[in-house]
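Structure first, then comments.
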Amino acid sequence: MKIASFNIAGIKARMPALTAWLEEAKPDVAILQEVKSVDENFPREHFENMGYNVETHGQKSFNGVAILSKYPLEDVMCGLPGDDSDEQARYIEANVVNERAVRVCGLYLPNGNPVEFDAEGAPIHDGKYGYKLGWMARLHARAEELMAAEEPFLMAGDYNVIPQAEDAARPEAWTKDALALPDSRNAYRKLMNLGLTEAFRNRNPAPEQYTFWDFQRGAWNRNDGIRIDHFLLSPECADLLKDCQIDKEIRGREKPSDHVPIWIELAA
DNA sequence: ATGACCTGTCCTACAGGA
């Protein structure tokens, strides 16, 4: 089973590029972020006609996540637990029911910028950065709950975290950025320390492997990228992992997203 | 000129992204 994650930066603008990629890559499951659409306007029938079941958790203008799946989707949960006042549509879970069920969690983790610093130069855990760190604590709590079931699950999406210096073409440019600050990296590491396997690095130790290139400053042409889209697998899911790759070439096409798809192949 | 952002929305200018 092939499961992909793709931050599409707007479903409406990405229909041609997304459709072409789905037809070529043929993922069984596609986890989408930054749909930027309310559920009523999501072009559900277009994807149903391609053989996908569709679950969306959208909002007006910003954020929004969705799951497309050739297998049935069951027990759908929208929204990350732990804060009833959080209105941003960034999280969706569903069981993908094939020969065995895999719990798929799709996430669009908050960016966290801009970060404010105190007089000593320490980042203040407030505003957007505070929201990011709080969101990551809630994600950790949810992962801990799912781990207790000892069944295959995965958390995939746009984490907005550059895990290590080697995951950026210019690491020095990100040292004061919410994507790479120590607290962001530590929260990501803490999630992994629950026993989750990061699929890409499990399969590919090569440098210069990125999933995002900014639209600005000719980032793509200079390969000035960062690796921020990740798959974290539970132990039971990691046992099924056969492959993990980034569809880099998509970035050079007509009307691309600023992210590219990352996918895993599971023996199930 | 080693380089010039994209999307959605409706106050066609602005917020938000990373």
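Chain naming here is simple, since letters A, B, ... match the order of the sequence lines and numbering starts at 1 in each.
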How many whole angstroms separate atom [atom1] of [X] from atom [atom2] of [N]?
X        : N      : atom1 : atom2 : answer
A:Phe42  : B:dG8  : CZ    : P     : 13 Å
A:Ile162 : B:dG17 : CD1   : P     : 16 Å
A:Glu254 : B:dC5  : CD    : P     : 17 Å
A:Leu181 : B:dA18 : CG    : C1'   : 13 Å
A:Asp214 : B:dT7  : CG    : P     : 13 Å
A:Tyr129 : B:dG17 : OH    : P     : 16 Å
A:Trp220 : B:dA18 : CH2   : P     : 18 Å
A:Phe62  : B:dG16 : CZ    : C1'   : 5 Å

Does the side chain of [X] get closer than 4.0 angstrom to OP1 or OP2 of [N] through an N or O atom?
X        : N      : value
A:Tyr108 : B:dA18 : yes
A:Lys255 : B:dC6  : no
A:Asn7   : B:dA18 : yes
A:His259 : B:dA18 : yes
A:Lys132 : B:dG17 : no
A:Arg14  : B:dT7  : yes
A:Lys128 : B:dG17 : yes

Using atom [atom1] of each nucleotide, how far apart are [N] and [M] to the nearest Å?
N      : M      : atom1 : result
B:dA4  : B:dA15 : P     : 24 Å
B:dG3  : B:dC14 : C1'   : 25 Å
B:dG17 : B:dT2  : C1'   : 26 Å
B:dA1  : B:dC6  : C1'   : 23 Å
B:dG16 : B:dC11 : P     : 15 Å
B:dT7  : B:dT12 : C1'   : 14 Å

Passing candidate, side chain to side chain donor-acceptor pair (under 3.5 Å) with A:Asn7, options A:Asp229, A:Asp258, A:Asp158: A:Asp158
Does a salt bridge link [X] with [Y], judged by any charged N lying under 4.0 Å from a carboxylate O?
X        : Y        : value
A:Glu116 : A:Lys176 : no
A:Glu236 : A:Arg103 : no
A:Asp224 : A:Arg217 : no
A:Asp167 : A:Arg201 : yes
A:Lys132 : A:Asp183 : no

Between A:Tyr188 and A:Tyr159, is the ring centroid distance below 6.0 Å? yes
Would you say the rings of A:Phe6 and A:Trp263 are close, in the sense that their centroids are separated by under 6.0 Å? no
Over all strands shown, is [X] touching base, sugar-phosphate only, or nothing at heavy-atom distances under 4.0 angstrom?
X        : answer
A:Asp224 : nothing
A:Asn160 : sugar-phosphate
A:Tyr159 : nothing
A:Asn63  : nothing

Taking for each residue the nucleotide of DNA chain B with the nearest heavy atom, is it A:Phe215 or A:Leu109 whose nucleotide lies nearer the 5' end? A:Phe215
Residue whose nearest DNA chain B nucleotide is more 5′ - A:Asp158 or A:Ser37: A:Ser37
Of the candidate nucleotides B:dA18, B:dG8, B:dC10, which contains the atom at the shortest distance from the side chain of A:Lys60? B:dC10
Scanning both residues in full, the closest heavy-atom pair of A:Glu93 with A:Ile67 reads C-CD1, 4.5 Å
Would you please enumerate the stems DNA chain B participates in, each stem being three or more consecutive Watson-Crick or G-U wobble pairs with both distances under 3.5 Å? B:5-9 with B:13-17
